[in-house]
Amino acid sequence: MLPSSCVAPPTPGQRHPLRPRLPRRRVRPAPADRPRPRARPSHLCRAAAASRPTDPDRPRLLFQEPILRDPDFELYDNVGRDADQIAAARYGIATDNDLLRWAKRDAGDFLARHPLPEQDLPSPDLTPYLDALAAAETPAEASAVTQHLLDAAHPLLHAISDYLVAAARWRDQNRTAEPGSPPKMLMTAASRSLSVLALAYQADLAILRAEYDPAPAPPSPQQGPKAPGLPPSPPSTPPTGPAPGR
C-alpha cells in the first residue's frame, strides 16, 4: 500500500482512495404533525424507578402506586372501563361498586340475622291512568286523572320520606352534622321526595287557573295605557244672605 504522501489529493466530490467506504444510514423524516418527544426530568425518572413494582403481575403506574386500602381493591385501566373506573385508576381510589361490594360482604352476618325481602316493592299499575289521560279532551278531565294519581301515590312517597328521615337520624348523627354532610343530604332527599307531589299539584292548579280564571289580557301597544283623568269638580254651593234687589 502506498503511503498517504504518495497519493494525489482527491478532487472535490471524489472519495479519498485510502479512506474506507462507510455504509450510509437512511434517516426517515418525521411527520410534521408529530410532536417531538421531550426528555423527562431527572427527578421524575428517579421517582418512577423507585416506585416501579417488583411483581410483574401487578399493574405499573407512572409515578407511584396507590395505597391499597382493602385486599379486595381492584385497579382499572382505560380499556373497556367506565368513567367511574377510569377515575379510580387515575386518583387511586375505590369505585362505587367496590364500596358496595365491600359493604355487602361485611354485612353478610347482619343480613342473615335480619333478613330483608328480596323482591322489589310492588309497582303500581298505571295502565288505567295512562288510558284515561289519553282519552281526556279537556283540562278538567286531565286534572281529574292527575289528582287521582297523586292521591294514590302519596302513601308510598310519604313512607319513603319517613325512612330517609330515620336514616338521617341514625345514632343521632344529624345533631352535629354540618351542611353538605350525609345526614343533611338524607334530610334533603326526604324533603324532596314529598316535594314531587307538591310540584305536580301546583302544576295542575296552574292548568286549571289558565282554563277557569285566566289573567286579563295586557293592553295592546298601539293604544297604550289610558292616562288617568282629573278628579270631578265639587258641586257649587248656593250663595248665602239676602237676594239682591232689582
Side-chain angles (χ1 to χ4, degrees), residues 70 74 76 81-91 93-218:
D70 193 275
E74 295 182 4
Y76 304 98
R81 306 296 183 181
D82 54 16
D84 190 18
Q85 294 170 341
I86 294 175
R90 180 178 181 181
Y91 298 106
I93 60 177
T95 63
D96 296 345
N97 292 331
D98 290 332
L99 301 177
L100 295 176
R101 186 176 67 254
W102 299 341
K104 184 178 180 180
R105 177 198 59 193
D106 296 340
D109 297 339
F110 172 80
L111 293 178
R113 297 190 305 268
H114 304 275
L116 300 176
E118 296 293 339
Q119 64 273 12
D120 299 336
L121 293 177
S123 177
D125 185 12
L126 299 181
T127 302
Y129 299 94
L130 296 176
D131 294 342
L133 182 61
E137 297 181 355
T138 62
E141 296 173 353
S143 174
V145 180
T146 302
Q147 292 295 332
H148 197 280
L149 177 61
L150 294 180
D151 294 340
H154 183 270
L156 177 60
L157 294 179
H158 199 279
I160 294 177
S161 177
D162 292 343
Y163 173 80
L164 294 177
V165 171
R169 295 176 178 176
W170 176 65
R171 291 193 173 181
D172 297 333
Q173 59 180 352
N174 61 311
R175 293 185 176 180
T176 58
E178 298 180 356
S181 60
K184 296 298 183 181
M185 294 172 63
L186 289 172
M187 295 295 290
T188 303
S191 176
R192 291 182 179 178
S193 62
L194 294 180
S195 64
V196 173
L197 299 175
L199 184 60
Y201 181 75
Q202 293 296 331
D204 186 66
L205 286 183
I207 296 176
L208 295 180
R209 186 171 299 279
E211 176 68 17
Y212 294 106
D213 188 19

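Note that this is a predicted model, so its numbers are computed, not measured.
Residues passing the side chain to side chain contact (heavy atoms under 4.5 Å, CB included) test with Leu130 are Leu126, sequence neighbours excluded. Under the side-chain hydrogen bond (donor to acceptor under 3.5 Å, both in side chains) criterion, Asp120 pairs with no residue, sequence neighbours left out. Applying the side chain to side chain contact (heavy atoms under 4.5 Å, CB included) test to Ala136 and every residue at least two apart in sequence or in another chain returns Glu141, Ala142. Residues meeting the side chain to side chain contact (heavy atoms under 4.5 Å, CB included) test with Leu100, sequence neighbours left out: none. Scanning for side-chain hydrogen bond (donor to acceptor under 3.5 Å, both in side chains) contacts around Asp213 gives Arg209, with sequence neighbours left out. Residues that satisfy the side-chain hydrogen bond (donor to acceptor under 3.5 Å, both in side chains) test with Thr138, not counting sequence neighbours, are absent from this structure. Looking at residues two or more places apart in sequence or on another chain, you find no side-chain hydrogen bond (donor to acceptor under 3.5 Å, both in side chains) involving Gln173. Take Pro182 and apply the side chain to side chain contact (heavy atoms under 4.5 Å, CB included) test, not counting sequence neighbours, and it matches no residue.
Contact between Leu116 and Leu111 at its shortest, heavy atoms only, is CD1-CD2, 4.1 Å. Of all heavy-atom pairs spanning Ile207 and Pro139, the tightest one is CG2-CB, 3.9 Å. Closest heavy-atom contact between Ala87 and Ile93: O-CG1, 4.5 Å. The two residues Lys184 and Glu178 have their closest heavy-atom pair at CG-O, 3.2 Å.
Shown here is Asp151, whose CG atom has more than 12 heavy atoms of other residues, nucleotides or ligands within 6.0 Å.
Sequence neighbours left out, the pairs with a member in residues 122-141 that pass ring-ring contact (aromatic ring centres under 6.0 Å, His included) are Tyr129-His148. For the side chain to side chain donor-acceptor pair (under 3.5 Å) condition, the pairs that include at least one residue of residues 196-205, sequence neighbours left out, are Ser143-Asp204, Gln147-Asp204. The stretch residues 105-126 participates, sequence neighbours left out, in these ring-ring contact (aromatic ring centres under 6.0 Å, His included) pairs: Phe110-His114.
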Which donor-acceptor pairs under 3.5 Å do the side chains of residues 160-172 make with protein atoms, sequence neighbours left out?
from   : atom 1 : to     : atom 2 : distance (Å)
Ser161 : OG     : Ala190 : O      : 2.9
Asp162 : OD2    : His158 : ND1    : 3.2

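Here the side chain of Thr95 pairs a donor or acceptor atom with the backbone of Asp98 at under 3.5 angstrom.
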